[in-house]
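A, B, ... follow the sequence lines: proteins, then strands. Residue 1 opens every chain.
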Number of protein chains: 2
Amino acid sequence: MLKENRKKYHHGDLKVALIEAGLAELEEKGLEAVSLRSIAARVGVSHTAPKNHFDGLRGLLTAMATVGYHRHAAEMQRGVEDHPPGKARLDAACNGYLRFALENPELFKLMFTSSFHLAEDPELKQAGWASYGVLRDVAHGLDWDKANASGGPWRTEWMLWSLVHGYAMLLIDGEIRREDDGSPPFRMDEIMPDFGYRPDVAEKRPDPFQGQRRIED
Amino acid sequence: MLKENRKKYHHGDLKVALIEAGLAELEEKGLEAVSLRSIAARVGVSHTAPKNHFDGLRGLLTAMATVGYHRHAAEMQRGVEDHPPGKARLDAACNGYLRFALENPELFKLMFTSSFHLAEDPELKQAGWASYGVLRDVAHGLDWDKANASGGPWRTEWMLWSLVHGYAMLLIDGEIRREDDGSPPFRMDEIMPDFGYRPDVAEKRPDPFQGQRRIED
DNA sequence: GCCTCCATATTTCCAATGTAAATTTTTCTT
DNA sequence: AAGAAAAATTTACATTGGAAATATGGAGGC
């Protein structure tokens, strides 16, 4: 998937090996503790070997974040397909969003902290758009703000995204936590307001990405 | 305010001087680029001088984050006092939340990234609670989820906090942005749903902080 | 006023990190 | 087979956070 055209050099597929090792180090040690040298050592190459494949540490983290967005999108999509359009599908997608964030907290923080990666990287941007696109698709037709329609066509999308994202962030960082243990996993409907599904507005909104959205490159 | 009892040693008030220098460096260079050495150099002391006042870099960042929470709470409170309880007051507090985040993005990220500071620091926790308390107070009596009342007594608070916090995070990181420039500042009511104010439920909810909330120490 | 004590700050040193440059090794092309 | 190109290593360097030993200067007792 991320493999290069040429097959076997000294290492074989150092690029993907570094990404995988980086992802492992990331969740083991945390975002602030990952280092180029430890990732390289994990793969068994010298600490300057990654330079042939990535633009420094930031470049490697960018590639890792890109993989993160792909998995993020897949995790949302997982629950979506089992439900018809409407509230159930929205819940499924949001629970996927939360599930990914809580199971991959360091990767999630990496994805959404632009100072750690190269935010202008085309592949990263595309993967991010694709991930947002999943959420956007399930929000399509859901109207949260019937009573107050000002604020532009993306208002509901932004509101929904803000809600899920903020909940994920506050949970990851420990700002929101349950007192009692043995509790069930956090789910989106714990804080989700009552949405209405209005098929009559389902076709009225423009696509801000204009077909640029796709998972695979 | 944060000044110590003793007044003038070699430097005078190195502790607060370091915090102020740290806050300046933070917004100038960004969260990932601040260093103990550069902060110490800015004040004009050796790079190990901070060790007498803080537990390493993490300790200094913790003190900076604590100041950040105080300012955050003050910024929210600023708009609150001009409005009566209800939607207007809520909007004012949330706009304060957003304003602070957008004007102090690096400090905001520091506050809400536990891997950068010492999350168990008592002063930090207290300041964080105080900040949340402002938001909680304006949410008191607002009922967002009339139709669906499951999820515990903090459901509306968590929902509101998630919404504001997620919007702030996505704006700071550039995930949400306007296409056209010369645009007005982001405000919360752009994504805020229609709240209802119900004085009849205003006294029913327990205080999870039980009086621990206070701005000044 | 002098002297001791101790908080404060400095100097020195060290390991770890990211990056650059030059060099070596391996693979590909012709 | 030979030269070119790619991949990886070696060496070097500046910066960082932190530890340890040392110096400094004010506070309080006499």
Next item on the list: Can you sort out the partners of A/A88 under side chain to side chain contact (heavy atoms under 4.5 Å, CB included), two or more places apart, ordered by chain and number?
Entry: A/H83
Next item on the list: Go through the structure and list residues passing side-chain hydrogen bond (donor to acceptor under 3.5 Å, both in side chains) with A/E27, not counting sequence neighbours.
Entry: none
Margin query: Whole angstroms only, please: what is the CD-C1' distance between A/E32 and C/dG18?
Written below: 16 Å
Margin query: Whole angstroms only, please: what is the NE2-P distance between A/H53 and C/dG18?
Written below: 17 Å
Next item on the list: Specify the separation, in whole Å, of atom CG of B/L14 and atom P of D/dG25.
Entry: 16 Å
Note to self: Please report the distance, rounded to the nearest Å, between NZ in A/K15 and C1' in D/dA7.
What the structure shows: 14 Å
Item checked: side chain to side chain contact (heavy atoms under 4.5 Å, CB included) against B/R99, all qualifying residues, sequence neighbours excluded -> B/E75, B/R78, B/N95, B/E103
Item checked: Separation of C/dG18 P from A/K51 NZ (nearest whole Å) -> 13 Å
Notebook entry, point to check: What residues form a side-chain hydrogen bond (donor to acceptor under 3.5 Å, both in side chains) with A/T62, not counting sequence neighbours?
Noted result: none
Can you tabulate the close N/O pairs, meaning under 3.5 Å, that link protein atoms to atoms of nucleotides 10-16 of chain D?
residue : atom : partner : partner atom : Å
D/dT10  : O4   : A/T48   : OG1          : 3.0

Note to self: What I want to check is whether an N or O donor and acceptor connect the side chain of B/N52 with the base of C/dA9 at under 3.5 Å.
What the structure shows: yes
Next item on the list: Mind calculating the distance between CD1 (A/I39) and P (C/dA16) to the nearest angstrom?
Entry: 17 Å
Next item on the list: Would you kindly give the CZ-to-C1' distance between B/F54 and D/dG17, to the nearest whole Å?
Entry: 16 Å
Note to self: Tell me whether the rings of B/F112 and B/Y69 are parallel (<30°), tilted (30 to 60°) or perpendicular (>60°).
What the structure shows: perpendicular
Check: Mind checking what makes side-chain hydrogen bond (donor to acceptor under 3.5 Å, both in side chains) contact with A/H165, not counting sequence neighbours?
Finding: A/Y97
